[in-house]
Protein chains: 2
Amino acid sequence: MSVFQSLPGFREFYPEDCALRNFIFNCFRRTAETFGFEEYDAPIVEPTELFTAKSGSEIITQLFNFEDKGGRQISLRPELTPSLARMVGSRAQSMKKPIKWFSVGEQFRYERPQKGRLRSFYQFNADLLGDDSIEADAEIIALAIQTLRNFGLTCNDFHLRLSDRQLWMLFIKQHTCDENCMLAILGIIDKLEREEEAKSMEALEKVCPSMGEKILGDIKNLKSIHSLEGLRKFFEEFKVPSAAVNARIEEFAQLLARLDSFGLLDFVSIDFGIVRGLAYYTGFVFEIFERSGQSRALAGGGRYDDLIGKLGYANLSAVGFAIGDVTLGKILEEKNLTPKLLKSIHCFIVYTKKTAAVAMREMMLLRENSVGVDYCLAPAPFSRQLKAATQAGAKYAIIFGETEADASCAVVKNMALRSEELVEFPRIIEVISQ
Amino acid sequence: MSVFQSLPGFREFYPEDCALRNFIFNCFRRTAETFGFEEYDAPIVEPTELFTAKSGSEIITQLFNFEDKGGRQISLRPELTPSLARMVGSRAQSMKKPIKWFSVGEQFRYERPQKGRLRSFYQFNADLLGDDSIEADAEIIALAIQTLRNFGLTCNDFHLRLSDRQLWMLFIKQHTCDENCMLAILGIIDKLEREEEAKSMEALEKVCPSMGEKILGDIKNLKSIHSLEGLRKFFEEFKVPSAAVNARIEEFAQLLARLDSFGLLDFVSIDFGIVRGLAYYTGFVFEIFERSGQSRALAGGGRYDDLIGKLGYANLSAVGFAIGDVTLGKILEEKNLTPKLLKSIHCFIVYTKKTAAVAMREMMLLRENSVGVDYCLAPAPFSRQLKAATQAGAKYAIIFGETEADASCAVVKNMALRSEELVEFPRIIEVISQ
């Protein structure tokens, strides 16, 4: 006889795990709704083409892809954005803008399971489409920050590292006019924090022969800047065409001003170490990190104005982010920000063999009225049933003794106060609702 | 440029669809909790072996199975029960009995998509484990019925067809002593309602040569019985060993008595047309059908005491059911039992370019206090912003005029009553909470 295991990187959710998952999901949903976002969902399985055609090489190597019995190339979704682009793209004309949508769902990644990186994980995705203003970026960034705040996390716990692909691209254009090198260099910058310097150098030399050292030095300088004023000076000295740069720095200032109005500036750091791995970002990009030594990524997002057009629909600007459940869950547990999810039930029925029929009838009436009620499937001595009531976390025990039941009454016991009251059947619901 | 489609049999959930899905899921969860069931979940992808080894041939042909990049044979789960059996089986010793668990999750079936049968669907699964009493069967049946009642469905809309595999097996033993024929004949009976009679005859002849006609006649007689008294008479005339039959009919009576105490007898029909397709059922089995002409199946379940032992764990008795979301959703819509899920937001901010900063600050304070607030990303004439507030279904508009804002005030407008009140900023939350 074999004992089966679940697959590596997939989780089982026992009730205590499921309660934590629901706690996290509910906070995602509640926060999104306070921002006026509506929930949607897309299929968990999609044509592989949806992901490989437009999402850049990083996604391709990590796909959970296969051929179905009908010969279709299909994949478990590694991210939600391509499906979202299709859903919105195919109905964009009839939809009121801006479109503010969120989703809480499972995603899959075929990679070596390790701490904080599973093959199945959940993400809170939020996107704002059909508006290319800086204020749309600010709304999305505010939702990302406020979601984490609603878990009890403060600006001492995390910060949002804000960067801009447009300034990065203006920077790269100074070094190379080859448009094809752009994404390659962005990819190298994205990996800089996780890679040895020599390896990054080598990669840069491949893209821009004999300029690796110069570019790497400039990249490091830009990455070390953490103020608007610093950005202005850097690009001035760097002699990048000033109209484009100045206009973009002005927009950066506008974004920070809006986040200041929101009262969220303490959570935001200008940080060009952030580029985002996926190819489709076009504007401001950000990642949220825990501030502790481990500095784990909690979320990432940015503007991607070209994706929907690239999928063959009319152009539609878009900005969004995703927060994963795995790292977040770990941090909440470390910081004691998960609630005590104790088993509880409102009422527990105590009965005898003779009173079973009336007890069951009264129990179902309570359940029909949305009252949580549990009981021992077989009548046992009252002391054992009352012990079961305590273990179930019952607030009230409703005791159907034989004498009392004959008079259409039961004893309602408040388990915490240890007080008892003799109650006629029709009044039970009133007494246990107090 | 190609426009991608989603896969056949998979659904996209636009906000209005997602709201209906959440309405259904919430009713599942609420009802299960009133019965003292706890939520769990298992991986959506499992080793194929978990499903093929123990679940009978019907499931094998419908699997969404493939090989992953690590050479593992894996499947999208077609049902939750084998995963449940593993989760409970591996920890049964340390768990308090009875175990009352439910789950709301996605399942997959590779079959031709057709009306009411998709390749991806959701199920409400509830199981009671570690108790083999008739009262456990009754608790599960009561939960299945009460769940549908909580959607507003009545005994005029649906009924639960109750049957018993044990009596069916005693019946089959009278015709053949070959244990291997048992499941084959049960399979033929299961398909009887959907198959031409000649085909069933042929299949029976294959299993029990030259006895097909006799057996089919007897099956039809048993299927025509809808009362306990009828069952007693049928088996008496049929000369099945009386002790076993009588004991089982007594248990059948006990089950009906308990359901009567619950006030649910009107929902239950004795009906031996029900056998259940899966091989692992061992006792009472049931399916819930809509009563209309179409008579669509809404749910199915029963007792399966051997499955956990067969998976290599210590024996653990179990009874459970599943309700699918597709047929249920269709019926609720036909009967107008879905709520009007209109777009709504509690407050809508109306502001000018000059008051933007204070308006945004006050908005975030409300959102931090769990109040839903939306706004136009760019300030427009008040009339246009108020129109947007109406379209968003806002209860209150909070208008930040320039004169008022200078005095740290805003006008709170009740959109339904068209009444307005000048309110100092700190009192806004109080006024919109009335």
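Each chain gets a letter, A, B and so on, in the order the sequences are listed, and its residues count up from 1.
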Heavy-atom proximity to chain A below 4.5 Å, by part of B:P47: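 Both parts, heavy atoms under 4.5 Å.
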
[X] versus chain B, heavy atoms under 4.5 Å apart: side chain, backbone, both or neither?
X: A:L365; value: neither
X: A:R72; value: side chain
X: A:D131; value: side chain
X: A:E368; value: both
X: A:L128; value: side chain
X: A:F35; value: both
X: A:E12; value: both
X: A:A42; value: backbone
X: A:F108; value: side chain
X: A:L377; value: both
X: A:P15; value: both

Can you label the angle between the A:Y14 ring and the B:W101 ring as parallel, tilted or perpendicular, going by 30° and 60°?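 The rings of A:Y14 and B:W101 stand perpendicular, inter-plane angle above 60°.
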
Donor-acceptor check, side chain of B:K69 to backbone of A:L63, threshold 3.5 angstrom: yes or no?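 Pair found, side chain donor or acceptor close to backbone of A:L63.
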
